[in-house]
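Everything below concerns the one structure shown next.
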Amino acid sequence: MHTFIKLIILFLIATVLHWAFTAILGSWSVSMNFMLIFAIAICAYTKPEYGYPTAFFCGLFLDFFGVKLFGHNALLFTLCASCVYILEHRLDFETIAPQIVCVSGLSVFWAVSNWILLQIFAGFSAWNGWWPFLGGIALSALLAPCVFWVVGSLFERKVITY
């Protein structure tokens, strides 16, 4: 129950920060997905029974406030959570380099998959250009160690044996 309360509080903080970064960076035409960084960090530090629902609800949260295809963010965030759990035995999320690489790679995966899903199911896609795409990924990568540090300080590192 204690973990669930921490997740709710962190989710509320992440939503406020997502809106703040969207408002601030929107004037510079840079789009950064703070909810994705948060979901990746939660998956890196919690067991799958907490990480998958958190990633799903982070994506669903973005779907509720989006005007595009409903459900695609929830699907893509859950797939990103799967990637984190697959990589957890190969990457040490306690160090900065794997955090940056994982967030950068999954941000590219999310953006490209988002574009493909919108193209297939909605018949359109919005391409804002290379600057918002690369700028958002770079800012996400730079912010990732801070988010991982906050999440890691609240949750002790999980140990999963298969």
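All of these numbers come straight from a predicted model, not from anything done at the bench. Sequential numbering from 1 along the given sequence is applied to the chain's residues. These numbers come from the heavy atoms of this one structure, side chains and all, not from hydrogens, waters or symmetry mates.
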- request: Provide the closest heavy-atom pair for Ile96 versus Pro145 in the form atom of the first, atom of the second, distance.
  value: CG2-CG, 3.6 Å

message: Using 0.5 Å steps for rounding, measure from the CG atom of Leu76 to the SG atom of Cys58.
response: 13.5 Å

message: Can you tell me how the ring of Tyr52 sits relative to the ring of Tyr85, calling it parallel under 30°, perpendicular over 60° and tilted otherwise?
response: tilted

- prompt: Counting only N and O atoms by type, is there a donor-acceptor contact under 3.5 Å from the side chain of Tyr45 to the main-chain atoms of Gly51?
  reply: no

field: Minimum heavy-atom distance Lys6-Leu154, with the two atoms named
entry: NZ-O, 2.6 Å

task: Find out if a path of hydrophobic residues (ILVMFWY) with successive side-chain heavy-atom gaps under 4.5 Å connects Met32 to Leu142.
output: no

message: So Val84 and Cys102, do their side chains get closer than 4.5 Å, heavy atoms only?
response: yes

message: Do Asn33 and Leu62 have side chains that approach each other closer than 4.5 Å (heavy atoms only, starting at C-beta)?
response: yes

query: Do Phe65 and Phe61 pass the ring-ring contact (aromatic ring centres under 6.0 Å, His included) test, and can you show the C-alpha distance, the side-chain angles, and the key distance before you say yes or no?
result: CA-CA 7 Å; Phe65 294 105; Phe61 169 78; 5.0 Å; yes

- prompt: How many angstroms lie between CD in Gln99 and CG in Asp92, if you round to the nearest 0.5 Å?
  reply: 8.5 Å

query: Nearest heavy-atom pair of Cys43 and Ala55: which atoms, and what distance?
result: SG-CB, 4.4 Å

- request: Look up atom CZ in Phe21 and atom CG in Leu139, then write down how far apart they are to the nearest 0.5 Å.
  value: 8.5 Å

- line: Residues Ala111 and Phe133: closest non-hydrogen pair is CB-CE1, 3.5 Å

message: Side-chain heavy atoms nearer than 4.5 Å, only ILVMFWY residues, links allowed to pass through others: does that put Val147 and Val108 together?
response: yes

- prompt: Is there side-chain contact between Thr54 and Thr46, with at least one heavy-atom pair below 4.5 Å?
  reply: no

- prompt: Heavy atoms, side chains only, cut-off 4.5 Å: are Leu36 and Ile40 in contact?
  reply: yes

field: Residue pair Asn73 / Met35, side-chain heavy-atom distance below 4.5 Å
entry: no

- line: dist Leu87:CG -> Leu106:CG (nearest 0.5 Å) comes out at 7.5 Å

query: CG/Leu79 to CZ/Phe56 distance, rounded to the nearest 0.5 angstrom?
result: 11.5 Å

query: Once the angle between the rings of Phe11 and Phe38 is folded into 0 to 90°, is it parallel (under 30°), tilted (30 to 60°) or perpendicular (over 60°)?
result: tilted

message: Can you tell me how far apart SG (Cys146) and CG (Leu17) are? Round to the nearest 0.5 Å.
response: 11.0 Å

query: Does Phe77 belong to the same Ile/Leu/Val/Met/Phe/Trp/Tyr cluster as Phe121, with side-chain heavy atoms less than 4.5 Å apart forming each link?
result: yes

task: Could you check Tyr50 against Phe155 for ring-ring contact (aromatic ring centres under 6.0 Å, His included), going step by step and ending with a plain yes or no?
output: CA-CA 11 Å; Tyr50 294 112; Phe155 297 100; 7.8 Å; no

- request: Identify the two heavy atoms, one from Leu91 and one from Pro98, that lie closest to each other, and give their separation to 0.1 Å.
  value: CB-CB, 4.1 Å

Test item: Thr15 side-chain N/O and Leu12 main-chain N/O as donor-acceptor pair under 3.5 Å: yes

query: Would Leu60 end up clustered with Val16 when hydrophobic side chains under 4.5 Å apart are linked, directly or stepwise?
result: no

